[in-house]
Visitor: 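This is the structure, below, for whatever I ask next.
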Amino acid sequence: MTTAQQLSFDVQHSDAARTPAERERVLAAPGFGQTFTDHMISIDYTEGRGWHDARLMPYGPLTLDPATSVFHYAQELFEGLKAYRQAGGTIATFRPYANAARFNQSARRMAMPELPEDAFVESLELLVQTDRDWVPTTEGHSLYLRPFMIATQPALGVNYPSKTFKYMVIASPAAAYFSGGVKPVSVWLSQEYTRAAPGGTGFAKCGGNYAAAFVAQRQAVEQGCDQVVWLDAFEHRYVEEMGGMNLFFVFGDRLVTPDLTGTLLPGVTRDSILTMAADLGLTAEERKISTDEWREGCESGELTEVFACGTAAVITPVGSVKGAEGGWTVGDGTPGKLTLQLREELTGIQYGTRPDPHNWVHKIC
Ligand SMILES: *Cc1c(COP(=O)(O)O)cnc(C)c1O
């Protein structure tokens with residue numbers, strides 16, 4: 001049903017689009033995820049019929065029956081990627097087919113229909129082309145793209161998943177995710193709460209994972225930290241990830257990142273860094289790393305840098321750690337050399353100022 005189906009998009013332009021002056025006012029200080037562009041994408045799915053009614057339309061609210069299953073059972077998933085204005089004016093995204101594949105991996109776990117990868121990428125291209133003036137020209141800024149899917153059947157029965165779904169894409173101009181630039185974050189090791197357990201939804205990019213995480217993030221802030229770090233569900237010993245970002249540990253010229261055991265989100269940025277590490281002559285290992293190894297490594301000086309990575313905040317240094325049994329500093333608490341080098345390299349590829357040996361850049365217009 002979802003394979004060779006050719007979708008053609010109906011295009012309806014907004015007659016209430018913001019004026020250039022209004023747009024420039026937003027782009028002068030976009031923040032993150034606060035203002036949206038003039039259009040959005042919508043594609044509907046009905047069991048037995050497949051994907052239909054693909055359209056680009058004016059951005060605006062949805063009208064949904066209060067019994068719609070997403071409100072009650074959280075059958076929802078999303079993606080996140082960016083469009084970058086490159087040197088020379090070209091607008092490009094980064095590895096959109098990796099996001100398309102992960103979208104479908106999440107869909108399988110959430111009993112939702114897969115969207116053909118080409119339709120996913122085409123939907124992004126159409127929205128970015130239409131709202132191209134919303135792609136910021138300021139260095140380091142971008143247009144954040146948020147594809148998502150919700151279950152739309154108005155029924156409260158839980159014995160069967162929904163038979164109807166809606167896929168959408170919205171877009172929002174974005175400054176740096178963490179305000180204040182490349183500033184090391186402090187992290188709280190969450191021993192009370194668990195994000196994911198084997199067999200659960202940890203690897204799926206679904207809203208429910210975030211709903212269950214907010215209380216731990218709030219606790220991290222109460223402890224004076226910026227972000228929560230999740231540990232394994234059994235022993236609360238092994239590091240999984242940070243808030244919405246994957247973690248890397250730097251031992252000299254060796255990178256270590258937790259392996260994908262099904263409980264952490266397989267980040268596109270994580271995957272890109274593993275590939276870039278090899279290009280830069282670094283060794284990279286995917287394996288378990290415990291909080292003891294983290295603390296002892298920092299104490300002995302062997303563990304020199306720790307950073308978090310994800311599309312929204314790219315690469316962010318971790319400067320200090322706090323847990324129920326006390327805390328410690330990573331290196332001297334300032335951004336590490338390799339952290340900054342990898343960040344330069346990756347953003348250089350994304351903004352078209354560095355060679356792109358793996359063809360990650362996907363030009364849109
Ligand atoms: C999206 C996300 C990441 C990072 O993935 P990228 O593809 O690199 O943006 C990491 N952890 C969680 C929980 C996420 O939702």
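None of the values given here were measured: they were computed from a predicted structure. Worth knowing before you read on, the calculation uses all heavy atoms, side chains too, and leaves out hydrogens, waters and symmetry mates. Just so you know, ligand 1 is whichever comes first in the structure, and atom 1 is the first atom listed for that ligand.
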Visitor: Any side-chain donor-acceptor pair under 3.5 Å between T164 and T46?
Guide: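 No, T46 and T164 have no side-chain donor paired with an acceptor closer than 3.5 Å.
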Visitor: List for me each residue that meets side-chain contact (heavy atoms from CB on, under 4.5 Å) alongside V121, sequence neighbours excluded, and say none if there are none.
Guide: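 For V121, the residues satisfying side-chain contact (heavy atoms from CB on, under 4.5 Å) (neighbours in sequence not counted) are P96, Y97, E125, H362.
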Visitor: Aromatic contact between F103 and Y167, with the criterion being ring centroids under 6.0 Å apart: yes or no?
Guide: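 Distance test on ring centres: under 6.0 Å, yes.
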Visitor: Other than F78, what residues sit in its cluster of Ile, Leu, Val, Met, Phe, Trp and Tyr side chains whose heavy atoms are under 4.5 Å apart, directly or through others?
Guide: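 F78 shares its hydrophobic cluster with F36, M40, M57, Y59, L62, L64, V70, F71, F148, I150, M168, I170, Y210, F214.
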Visitor: Quick one: list whatever passes side-chain contact (heavy atoms from CB on, under 4.5 Å) with D53, sequence neighbours left out.
Guide: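 Listed in chain order: D44, R49, R55.
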Visitor: Is it the case that Y144 and R146 place a side-chain donor and acceptor less than 3.5 Å from each other?
Guide: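 Yes.
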Visitor: List, ordered by chain and residue number, the protein residues whose closest non-hydrogen atom lies under 4.0 Å from any atom of ligand 1.
Guide: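 The answer is R102, R195, K205, Y210, E241, G243, G244, M245, N246, L265, G267, V268, T269, G310, T311, counting any residue whose heavy atom sits under 4.0 Å from ligand 1.
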